[in-house]
**Student:** 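Let me give you the structure first, and then I'll get to my questions.
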Amino acid sequence: MQTYAYGFPRLGKNREYKRAIEKYWRGSSSKNELRRDIDELDEARLSTYEKYVDKFPVGEMTLYCNILDTAIMVGLYDCKDMDEYYSLCRGKNALKLTKWFNTNYHYLVPEFAGFSPSNFTMGWNKPKEAPQSHKKGIPYLIGPFTFLKLSRGIPEKRFGDYLFNLVDVYKEIIQNFDKVHIDEPAFVTEISEKDIKLIKDAYNRLDTGNIYLFTYYDSVDFLDVLYELPIKAIGLDFLSCDGNLDYIEKHGFASDKYLIAGIVNGRNVWKTDIKRAVELLKHLSEFSCDLLASNSCPLYHLPITIEGENLDRRLLNRLAFARERLYELKLISSCLEGDYNEDYNSGVGDFGINEEVREKVKKLSPRDFEKENTYPERAAKQKKLLSLPLFPTTTIGSFPQTREIREKRKGFKRGNISNEEYNSFIRKKISDVIKFQEDSGLDVLVHGELERTDMVEFFALKLQGFATTKNGWIISYGTRGYRPPIIYGDISRPNPMSVDEITFAQNLTKKPVKGILTGPVTMIAWSFVRENVPIREVAYQIALCLNDEIKDLERSGIRIIQIDEPAFREMAPIKKRDWDEYFDWAIKSFKLASKSNPETQIHTHMCYSEFGEIIDKIKELDFDVISIEATRGKGDIIRYFKERGFDRQIGLGVWDVHSPDVPTVEDIKKAIKRAIKFIPKENLWINPDCGLKTRDWKEVVPGIGNMVKAAKELRDELKLRARSSS
Ligand code: GLN
Ligand code: ZN
């Protein structure tokens with residue numbers, strides 16, 4: 001049996017991708033040098049594919065984002081050089097950044113306002129034929145339907161116009177190749193009858209007969225239609241869902257097409273059970289005689305390799321990252337030829353069980369998930385206690401992680417710096433951040449999260465049941481990576497996690513210091529989660545730890561606590577029919593975590609997702625204040641909050657933290673004035689879109705200054721207006 005792999009990470013084993021691009025941004029390398037670095041990296045990727053599998057795409061490499069590349073390919077943006085390209089990725093003219101399906105990978109959203117369907121044309125970065133050295137490579141493209149569905153500014157009624165015109169450009173590109181790889185993950189969303197018809201017409205119009213079409217992250221609801229399309233192969237995900245297998249068992253598979261069966265996991269790190277995979281393939285071969293084995297979805301959700309990781313043997317024995325997935329495909333293929341190797345899955349037992357934790361989860365009753373006071377009752381108490389001004393100003397939590405801080409942490413981890421020295425260094429930095437915030441005139445302060453490398457990893461290091469890796473980086477957007485921890489066992493909190501730093505900060509100031517925790521959904525979403533326990537149980541285990549932390553914070557006099565849940569939208573299943581189950585545990589785990597005294601003001605924070613459709617779910621979280629990213633979307637989101645009768649306080653982000661540009665006082669005032677039209681002014685806060693950890697102090701100082709100034713001017717203007725009208 002042949003094997004086909006795709007989406008192998010582009011980051012490089014030592015994050016060469018990030019290094020190369022950021023070096024160019026700093027002005028320390030030329031365009032040619034960057035091109036060469038990136039080509040070298042791509043060559044390494046292709047050689048890895050070549051070593052293990054029979055088929056793979058070429059041209060997956062990008063200088064930042066494949067969706068943006070597609071937009072350029074079809075003439076939506078006319079950027080002729082790298083600098084124009086990067087100006088769409090970051091800075092003043094950057095496109096909106098959003099999560100890719102239900103993952104923490106982000107793409108830049110193409111903007112179609114002002115672009116008519118007849119404007120599509122062949123742009124500059126067309127896919128190229130596979131290089132001589134990798135003849136098996138198949139040119140890679142994002143599919144036209146997915147591309148348009150992920151864009152903004154296309155009038156619903158004219159979607160078909162856009163699609164057909166776009167398809168004409170695709171046809172021109174595709175017909176030069178003998179095969180093409182096309183990703184259409186949007187085919188797994190819940191698609192209307194009208195769109196199914198459009199897909200059918202579009203692909204019939206595209207009719208080039210050489211398409212290997214890939215879907216992933218969920219099942220396709222209209223496989224019957226795909227069977228009829230003039231395409232060569234259909235890639236389906238058999239791991240994230242049952243739908244594809246159910247359909248094939250009932251109705252068979254297209255007799256004239258290859259079935260590319262996604263059977264090794266592109267999203268989680270547990271070794272494939274080779275025996276089971278082989279059985280599944282044998283079963284599938286009853287329905288298709290042209291079967292290929294593949295990964296379930298792109299491999300860029302995984303770190304490159306477990307090689308060099310220093311983990312507990314028992315855990316290491318159970319893991320497979322991207323390169324190991326390629327190895328598994330090879331293994332599966334040779335097993336099918338009768339060459340079965342028992343060793344690979346042997347010794348994979350369960351460990352990390354904690355009976356006490358399991359007992360606690362079992363004993364939970366409905367009362368544990370509900371607050372004792374209503375929001376108005378709580379709000380009254382908090383108002384009295386906190387006495388904040390109109391438009392309170394705050395930040396999301398993190399302040400710049402400077403080189404100095406990173407170096408110190410490295411030294412500490414390597415053992416070159418003692419515990420005491422590191423702690424007193426962090427304390428000194430916390431004092432500086434507190435002083436800066438006081439001097440700036442912010443209303444609610446934070447301790448700056450300077451001791452945290454990453455909002456998930458930090459807590460993972462303090463909790464039992466989580467493991468962290470040394471080099472397990474994956475890309476979140478552009479050049480930014482993170483290292484997802486691995487949840488392998490029951491989760492408990494041996495000691496308080498954040499109390500020392502926060503109380504230290506609170507003791508330096510009379511203003512309230514907000515304690516910042518990462519919520520259960522985000523802890524799970526940005527980790528690799530065990531699959532041998534229901535996810536709901538994992539979430540409740542984390543929630544119980546967080547709740548213990550909150551009680552400790554309350555006891556130490558902390559009056560405001562923020563539970564970050566930036567992954568709340570992202571984790572929602574792609575198909576809405578699966579939402580109830582997810583939101584039920586997601587909401588309950590937040591409520592379990594956040595159960596607190598009525599005097600404690602509970603905040604949450606969310607960002608970089610499409611929130612419009614889930615506002616009712618957000619409301620159910622029963623927090624007091626939410627801060628939400630809104631700058632790149634021009635604050636459109638606020639309208640939905642009003643429509644859905646949102647009655648809590650909200651901090652609408654006024655500062656795009658992914659950009660080096662600082663908002664002006666006027667920008668901020670404009671954003672708030674727009675928001676006042678939808679939300680009572682008493683409920684509005686002023687804050688950046690997200691944490692400031694990736695920014696530079698030279699941006700943070702004026703940015704915070706402008707926020708405070710804008711708040712003050714708005715308060716004065718309102719007072720003036722009140723006076724003149726009375
Ligand atoms: N509190 C975190 C910070 O400020 C939130 C980050 C996030 O939402 N991704 O960095
Ligand atoms: Zn955020």
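Just so it is clear, the values below take in all heavy atoms, side chains as well, and ignore hydrogens, waters and symmetry mates. Just follow the structure's listing: the first ligand is 1, and inside any ligand the first atom is 1.
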**Student:** Should the proximity of Lys693 to ligand 1, defined as any heavy atom under 4.0 Å, be assigned to the side chain, the backbone, both, or neither?
**Tutor:** neither
**Student:** Given NE2 of His605 on one side and SG of Cys690 on the other, what angle do they make at the Zn ion (ligand 2), to 10°?
**Tutor:** 120°
**Student:** Do Lys429 and Glu451 sit within salt-bridge range, that is, some charged N less than 4.0 Å from a carboxylate O?
**Tutor:** no
**Student:** With the threshold set at 4.0 Å, does a side-chain nitrogen-carboxylate oxygen contact exist between Lys435 and Asp432?
**Tutor:** no
**Student:** Please report which non-hydrogen protein atom sits nearest to atom 6 (C) of ligand 1, along with the residue it belongs to and the distance in Å to one decimal place.
**Tutor:** Met455 SD, 3.3 Å
**Student:** Please determine whether a side-chain nitrogen of the Lys or Arg among Asp622 and Arg648 lies less than 4.0 Å from a carboxylate oxygen of the Asp or Glu.
**Tutor:** yes
**Student:** Hey, is Lys511 close enough to Glu438 for a salt bridge, meaning N to O under 4.0 Å?
**Tutor:** no
**Student:** Of all the atoms in ligand 1, which lie at a distance below 4.0 Å from a heavy atom belonging to His605?
**Tutor:** 8 (O)
**Student:** Could you tell me, atom by atom, which parts of ligand 1 come under 4.0 Å of a heavy atom of Ser398?
**Tutor:** 3 (C), 4 (O), 10 (O)
**Student:** Quick check on the 6.0 Å ring-centre criterion: do His301 and Tyr216 meet it?
**Tutor:** no
**Student:** Starting from atom 5 (C) of ligand 1, what is the nearest protein heavy atom, named by residue and atom, and what distance separates them?
**Tutor:** Asp564 OD2, 3.4 Å
**Student:** Short list, please: which atoms of ligand 1 are under 4.0 Å from a heavy atom of Cys607?
**Tutor:** 8 (O)
**Student:** Check whether the ring centres of Tyr482 and Tyr477 lie less than 6.0 Å apart, and answer yes or no.
**Tutor:** no
**Student:** Side chain, backbone, both or neither: which applies to Glu449 and ligand 1 if a contact is any heavy-atom pair less than 4.0 Å apart?
**Tutor:** side chain
**Student:** Would you say the side-chain atoms of Gln506 pair up with the backbone N or O of Thr509, donor to acceptor, closer than 3.5 Å?
**Tutor:** yes
**Student:** Under 4.0 Å from a heavy atom of Cys690: which atoms of ligand 1 are those, numbered in the order shown and with their elements?
**Tutor:** 6 (C), 7 (C), 8 (O), 9 (N)
